[in-house]
Amino acid sequence: IWEGFPGALMVLPRFLFTWSKGAGWLTTNVMVAPETDASSQSEAVLDELQSLNSRPALDALQPETRDVVDVSYEEWAPRVRNALKAVESGHLTKVVLARRKELHAGGRYSLENALGQLCRAYPDCTVFAIDNGRSSFVGASPETLAQVAGRRLSLTCLASSAARGSNSEEDCRLGKQLVASSKEQRE
């Protein structure tokens with residue numbers, strides 16, 4: 001899944017489009033050297049934005065998915081057991097497991113359309129994508145992934161879950177246990 005992506009990657013996007021609570025804004029990042037002419041740099045950014053804006057609208061349809069490759073229970077169960085053992089032994093204090101799903105289609109998927117679909121399906125989540133030109137890592141997280149306050153950058157990786165109950169009363173009880181958990185409160 002990570003083929004073509006380095007072990008670590010810091011991405012400073014040229015354009016960052018943000019939508020939150022009904023508002024939207026654009027952040028533009030440019031490299032500026034002492035000798036940079038700010039006026040011509042601004043014009044270049046505006047020209048680039050104009051060219052993005054003049055592109056034809058994307059077709060809302062994705063190609064038909066022909067095959068889905070998902071992690072099997074036989075592959076997944078040992079990973080969960082190993083992660084639990086690592087936590088129980090004290091080698092890890094926390095672990096978040098993610099499952100890979102590969103979609104194969106007759107045509108090329110549109111990253112822009114996929115992001116739009118995620119934004120519509122999960123409006124309260126942080127939707128993200130990292131693309132290397134050959135493949136994309138795309139997701140939606142209910143947590144704030146990064147936050148900047150003044151000169152301080154905070155990165156947060158949280159995960160909480162509880163099994164669903166067999167009825168609404170049991171769901172409520174399990175939810176209360178999750179909220180009362182000292183581990184969850186620490187995080």
**Item:** Shortest non-hydrogen contact from Arg66 toward Gly106
**Value:** CZ-CA, 3.4 Å

**Prompt:** Can you find a pair of side-chain heavy atoms, one from Arg79 and one from Val71, that are under 4.5 Å apart?
**Reply:** yes

**Item:** Considering all heavy atoms, the nearest Asp131-Ser135 contact
**Value:** OD1-O, 3.3 Å

**Item:** 4.5 Å side-chain heavy-atom contact, Ser110 and Gln62
**Value:** yes

**Request:** Would you give the length of the straight line joining atom CE of Met31 to atom CD of Gln41, rounded to the nearest 0.5 angstrom?
**Result:** 10.0 Å

**Asked** With hydrophobic residues grouped by side-chain heavy-atom distances under 4.5 Å, do Val32 and Phe15 end up in a single group?
**Response** yes

**Message:** Could you walk me through whether Arg173 and Glu170 satisfy the salt bridge (charged side-chain N to carboxylate O under 4.0 Å, His left out) test, starting with their C-alpha distance in whole Å, then the side-chain angles of each, then the deciding distance to 0.1 Å, before giving a yes or no?
**Reply:** CA-CA 5 Å; Arg173 181 184 60 77; Glu170 191 175 6; 3.5 Å; yes

**Asked** Taking side chain as C-beta onward, heavy atoms only, is Ile130 less than 4.5 Å from Asn132?
**Response** no

**Fill in**
Minimal heavy-atom distance between Pro63 and Gly107, with the atoms involved, is CG-O, 3.6 Å

**Message:** Can you list everything that forms a side chain to side chain donor-acceptor pair (under 3.5 Å) with Asn82? Sequence neighbours excluded, please.
**Reply:** none

**Complete:** Leu115 and Ala129 have their tightest heavy-atom pair at CD2-CB, 3.7 Å

**Item:** Path from Leu84 to Tyr73 over hydrophobic side-chain contacts below 4.5 Å
**Value:** no

**Prompt:** Do Thr36 and Val30 have side-chain heavy atoms sitting under 4.5 Å apart?
**Reply:** no

**Prompt:** Taking C-beta and beyond as the side chain, do Arg14 and Val45 meet within less than 4.5 Å on heavy atoms?
**Reply:** yes

**Message:** Can you confirm whether more than 12 heavy atoms, excluding those of Phe17, are under 6.0 Å from its CZ atom?
**Reply:** yes

**Message:** Are Leu111 and Phe128 linked, directly or through intermediate hydrophobic residues, by side-chain heavy-atom contacts shorter than 4.5 Å (ILVMFWY only)?
**Reply:** no

**Fill in**
Rounding to 0.5 Å, atoms OG (Ser51) and CG (Leu49) come to a distance of 7.5 Å

**Item:** Pro78 to Glu74 - nearest heavy-atom pair and separation
**Value:** CD-O, 3.1 Å

**Closest non-hydrogen atom pair, Val127 against Tyr122** = CG2-O, 4.5 Å

**Request:** Starting at SG of Cys119, measure out to CG of Asp124 and round the result to the nearest 0.5 Å.
**Result:** 11.5 Å

